[in-house]
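Structure, as structure tokens:
Note that these values count all heavy atoms, side chains included, but never hydrogens, waters or copies made by symmetry. Reminder, nothing fancy here: chain letters follow the sequence lines and each chain counts from 1.
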Amino acid sequence: MLEISKIRENSKEVVQRLKIKNFEAADLINKLLDTDVKRRETQKQLDDVLAESNAISKEIGELFKTGQADKAGALKDKTAQLKVLAKDLATKLDELSADQNKTLVLLPNLPNASVPTGKSSEENAIVYSEGEVVNLDEKALPHWEIAAKYNIIDFELGTKITGAGFPLYKGKGAKLQRALISFFLEEAIAAGYTEYQPPLMVNEASAFATGQLPDKDGQMYHVQIDNFYLIPTAEVPVTNIFRDMILNENEMPLKCAAYSQCFRREAGSYGKDVRGLNRLHQFDKVEIVQITTPENSYNALEEMSKYVQSLLRKLELPFRVAKLCGGDISFASAMTYDMEVWSAAQKRWLEVSSVSNFEAFQANRMKLRYRNAEGKMQLAHTLNGSALALPRIVAALLENNQTDKGIKIPKALVKYTGFEYVD
RNA sequence: GGAGAGGUGGGUGAGUGGCUUAAACCAACAGUUUGCUAAACUGUCGUAGGGGUAACCCUACCGGGGGUUCGAAUCCCCCCCUCUCCGCCA
């Protein structure tokens with residue numbers, strides 16, 4: 001959520017910047033500014049009425065204390081009038097505030113000035129790539145066939161137990177999952193992140209704070225009986241650790257890592273994009289989160305991006321880095337890098353990580369602030385990224401590493417899997 | 001699920017109708033003193049919204065919402081949460 005004070009000061013710039021996100025904000029901003037003026041006028045009127053009323057109440061108190069209770073009658077009548085007035089003004093103020101907030105949450109975060117313009121993922125800027133794109137002969141199998149061949153992932157059984165998009169891992173497939181989780185967590189700890197194990201369900205306030213509610217309501221599984229939401233990413237519970245907190249500048253940056261299973265309804269998805277492990281309702285992910293100062297948040301973004309790249313390098317996967325264009329960047333993000341790995345049999349790039357700087361957008365929603373060196377209170381900046389999401393990593397590993405002896409496990413992983421080949 | 005107790009500032013915790021944004025203590029910050037650290041002393045120390053060029057002023061906030069009253073942290077109602085005991089249970 002953008003801050004109204006900032007919008008008030010730079011309304012033209014806000015409209016300009018949102019154009020990069022292909023968001024036409026002029027009408028909303030005008031409405032917002034108009035409501036803002038009315039809101040402040042009403043606030044002033046209400047405050048004045050309350051001030052007068054408070055003053056009279058004090059007088060009445062004095063009269064009672066000095067034994068002149070008989071003189072209080074007229075004053076009581078006056079406060080009765082003011083009370084009616086105050087009630088009307090308060091109602092009006094509530095309406096205006098609610099109206100303003102409703103408009104405010106519709107506005108996406110401002111993109112960073114360096115974000116390229118563009119309509120869709122086609123126009124993302126590829127800023128880096130590394131590794132040889134693997135070319136396989138015609139015998140190369142897509143990962144869902146490899147999974148069946150070596151009996152390591154059973155999609156049909158998952159469907160039987162639950163439904164499509166809930167795969168069942170078994171044998172070396174299950175162990176590979178566990179190995180990747182351990183690998184990612186150990187790497188994160190070595191890079192200075194503190195490991196967390198968060199709840200997999202969150203309440204409404206948490207889902208709102210990170211921006212899943214109200215707009216992405218249908219994307220989450222909702223446990224109605226207790227009004228909890230299954231988390232779509234560990235970002236939600238982990239960032240919410242710091243909701244309503246006031247941090248000290250010297251304890252930042254806070255670096256958190258968490259493994260969790262993630263649940264997404266993915267309503268409306270179908271086709272080859274969702275084949276096999278490409279898109280699931282339940283999947284595993286290690287997420288990294290940083291809370292830092294506005295001065296440092298872009299350094300942190302680069303650091304996180306580099307860190308994710310180091311993981312892909314250790315997994316010996318060819319990858320490229322896309323800086324998302326305005327049209328592809330998410331609602332809450334100011335700047336995002338996507339890491340994509342090459343999937344040799346599907347012959348396409350798969351997004352395995354998305355690293356974003358949300359600046360103060362989430363912090364404003366969740367009142368996450370810090371005291372700077374001068375003791376002044378400010379909104380912190382939040383960042384997060386996948387490090388990494390498992391299914392597509394597994395897909396790429398299976399497809400890219402096909403050999404006559406089986407699927408070769410990258411060296412860095414062997415100490416976690418305990419085997420060198422899936423066979 | 002049943003019964004009971006409770007929710008006050010960064011923390012502990014006092015406060016049962018006006019003198020309470022709220023004592024006291026701790027923490028924090030600044031200064032004085034000391035050879036450094038520590039200790040002691042002195043001072044500062046809520047957030048948000050609004051008004052004013054400014055000094056400063058006004059308003060709201062004691063889990064959330066409603067009510068009683070001229071006036072509510074305090075009385076009443078509803079809801080949420082936490083803790084203890086019982087029940088159930090990995």
Would you check if the side chain of [X] reaches a backbone N or O of [Y] as a donor-acceptor pair within less than 3.5 Å?
X: A:Asp226; Y: A:Phe228; value: no
X: A:Asp34; Y: A:Asn30; value: no
X: A:Thr162; Y: A:Thr159; value: no
X: A:Ser53; Y: A:Leu50; value: no
X: A:Ser305; Y: A:Leu301; value: no

- prompt: Nearest to the side chain of A:Arg8, which nucleotide is it out of B:U47, B:C70, B:G50?
  reply: B:G50

query: If you look at every strand shown and take non-hydrogen atoms under 4.0 Å, does A:Ser57 touch a base, only sugar-phosphate, or nothing?
result: base

task: May I ask you to say what A:Lys87 touches in the nucleic acid, namely base, sugar-phosphate or nothing, with a heavy-atom cut-off under 4.0 Å?
output: sugar-phosphate

task: For A:Tyr337 and A:Glu302, test the side chains for any donor-to-acceptor distance below 3.5 angstrom and give the result as yes or no.
output: yes

- prompt: Without hydrogens or angle criteria, can the side chains of A:Ser206 and A:Asn203 be said to hold a donor-acceptor pair below 3.5 Å?
  reply: yes

task: Return the value, rounded to whole Å, for the distance between atom OH of A:Tyr370 and atom C1' of B:G10.
output: 18 Å

When both hydrogen-bonding distances must be under 3.5 Å and the geometry is Watson-Crick or G-U wobble, what is [N] paired with, if anything?
N: B:G9; answer: none
N: B:U32; answer: B:A40
N: B:U47; answer: B:A60
N: B:A54; answer: none
N: B:C70; answer: B:G18
N: B:A3; answer: B:U84

field: Residue whose nearest RNA chain B nucleotide is more 5′ - A:Leu75 or A:Gly61
entry: A:Gly61

message: Quick check on RNA chain B: between A:Ile246 and A:Ile56, whose nearest nucleotide comes earlier from the 5' end?
response: A:Ile246

- prompt: Are A:Leu110 and A:Leu2 side-chain neighbours, meaning at least one heavy-atom pair lies under 4.5 Å?
  reply: yes

query: How about A:Tyr416 and A:Lys175: do any of their side-chain heavy atoms sit closer than 4.5 Å?
result: no

Any N/O pairs under 3.5 Å between the protein and nucleotides 72-79 of chain B? List them or say none.
none

Is the distance from OP1 or OP2 of [N] to the nearest side-chain N or O of [X] less than 4.0 Å?
X: A:Arg371; N: B:C45; result: no
X: A:Arg369; N: B:U47; result: no
X: A:Lys83; N: B:G71; result: yes

Measure all distances between protein nitrogen or oxygen atoms and nitrogen or oxygen atoms of nucleotides 57-61 of chain B, and list the pairs falling under 3.5 Å.
residue	atom	partner	partner atom	Å
B:U59	OP1	A:Asn54	ND2	3.3
B:U59	O2'	A:Asp47	OD1	3.1

